*Asks:* 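Sharing a structure here in structure tokens format.
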Amino acid sequence: LFPYTTLFRLSNNWTDFLMKNIKTLPAGYQPSGTLLEARVILVTGAGDGIGRAAARSFAAHGATVILLGKTQEKLEQVYDEIIAEGHPEPLILMLDLQYLTPDSAKALTDTIEQELGRLDGILHNAALLGSVTPVANYSPERWQQVMQVNVHAAFLLTQTLMPLLAQAPDASIVFTTSSVGRQGRAFWGAYAVSKFAVEGLMETLADELEEVTAIRVNAINPGATRTRMRAAAYPGENPVTRPTADSLMPLYLYLMGPDSQGVSGYSFDAQPV
Ligand code: NDP
């Protein structure tokens, strides 16, 4: 038998190992009002929830935002809000990531290049929750949909847009992860598996790009946040007990803007887990 102190030390080391790449926003961080001036940033799933808050926040800090999503009315509403607030005019890209192919990703890249001429950042935010059900019962079709939207589309967009990003002085790619992408949890099925894959994609890409480009690559786990997806996953929860998407924006700004230059390969928590 191990003495208690040895066990304690082992479990601490194990925790350190598991948490090795998890970071939080530097204490006291304050983004400047012009943090993202002249930058072009693509936000997927920009019509609702965290993506909508991020698009508005990036625009409020000077960015021209590309609003990618699948529901036109929602994207137009975010567009109108950004214009009404007097920020740079966004570009709407209507696209259902469920059907993204190498060809449509290439067409999207060409549109961005022609319309805006540059790209400084991508926030991969769009995701499907899928079914909350045991793996034994999981619909294979639904599994594939979730993996397509949450992982494959992010991979395809990143791969196709990388040459454009590489021309920017300090581009940033931010993926969106989840606590269930670090520790599997019963019934979270394809969603959990997709977020493990997102963490792996982030780490692999960050390692590949470290020496060869100025592109930094990180991931954010927003934590429980008051959105439509959270309400779908926890229908019995009172939404006001959870923070708003707007309250998480300092971390999103930090990672998208130049203050995070040199920071790459990390998974961040936006809230205490
Ligand atoms: P929401 O469901 O509120 O918003 C998701 C957005 O993604 C919507 O704008 C939605 O578009 C878009 N989207 C979904 N599927 C597609 C698709 N096929 N093509 C294009 N756009 C699509 O989710 P949240 O804001 O809560 O989540 C944002 C991110 O944060 C996700 O990656 C999620 O996994 C992650 N996250 C969220 C947490 C939370 O507590 N909210 C906790 C941990 C992680 P439309 O509105 O048109 O359907």
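As the structure is a computational prediction, the values presented were derived from the model and not from experiment. Whatever order the structure lists them in is the order used to number ligands and atoms, beginning at 1. Hydrogens, waters and symmetry mates are skipped; everything else that's a heavy atom, side chains included, is used.
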*Asks:* Of the options Thr158, Val198, Val174, which is the one that meets His124 in a side-chain contact (heavy atoms from CB on, under 4.5 Å)?
*Replies:*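 Of all the options given, the one that passes is Thr158.
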
*Asks:* What atoms of ligand 1 come closer than 4.0 angstrom to any heavy atom of Thr176?
*Replies:*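 So the atoms of ligand 1 that pass are 29 (C), 30 (O), 32 (O), 35 (C).
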
*Asks:* Non-hydrogen atoms of Leu95 versus ligand 1: any pair closer than 4.0 Å?
*Replies:*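 Yes; Leu95 lies near enough to ligand 1 that a heavy-atom distance drops under 4.0 Å.
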
*Asks:* What are the atoms of ligand 1, with element, lying closer than 4.0 Å to any heavy atom of Ala127?
*Replies:*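 Near Ala127, meaning under 4.0 Å from one of its heavy atoms, ligand 1 has 7 (O), 14 (C), 31 (C), 32 (O), 34 (O).
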
*Asks:* Looking at ligand 1, is there an atom of it that comes within less than 4.0 Å of some heavy atom belonging to Asn150?
*Replies:*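 No; Asn150 lies far enough from ligand 1 that no heavy-atom distance drops under 4.0 Å.
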
*Asks:* Taking all atoms of both residues into account, what is the closest heavy-atom pair of Ile50 and Ala245, and its distance?
*Replies:*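 Here Ile50 and Ala245 meet closest at CA-CB, 3.8 Å.
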
*Asks:* Are any of the heavy atoms in Lys195 under 4.0 Å away from ligand 1?
*Replies:*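 Per 4.0 Å heavy-atom rule, Lys195 contacts ligand 1.
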
*Asks:* Give me the ring orientation class for Trp188 and Tyr191: parallel if the planes are under 30° apart, tilted from 30 to 60°, perpendicular past 60°.
*Replies:*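 If you compare the ring of Trp188 with that of Tyr191, the planes turn out tilted.
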
*Asks:* Within the structure, is a non-hydrogen atom of Tyr191 found at a distance of less than 4.0 Å from ligand 1?
*Replies:*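 In this structure, Tyr191 qualifies as a contact of ligand 1 - some heavy atom is under 4.0 Å.
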
*Asks:* Checking side-chain contact (heavy atoms from CB on, under 4.5 Å) between Phe268 and each of Leu25, Thr177, Leu255, which is the one that passes?
*Replies:*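 Of the listed residues Leu25, Thr177, Leu255, the side-chain contact (heavy atoms from CB on, under 4.5 Å) partner of Phe268 is Leu255.
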
*Asks:* Got the closest protein heavy atom to atom 26 (O) of ligand 1, with its distance?
*Replies:*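 Scanning the protein heavy atoms, the shortest distance from atom 26 (O) of ligand 1 goes to Thr227 OG1, 2.5 Å.
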
*Asks:* What atoms of ligand 1 come closer than 4.0 angstrom to any heavy atom of Asp48?
*Replies:*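 Listed by number with element, the hits are 8 (C), 9 (O), 46 (O).
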
*Asks:* Within ligand 1, which atoms have a heavy atom of Gln98 less than 4.0 Å away?
*Replies:*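 The atoms of ligand 1 under 4.0 Å from a heavy atom of Gln98 are 18 (N).
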
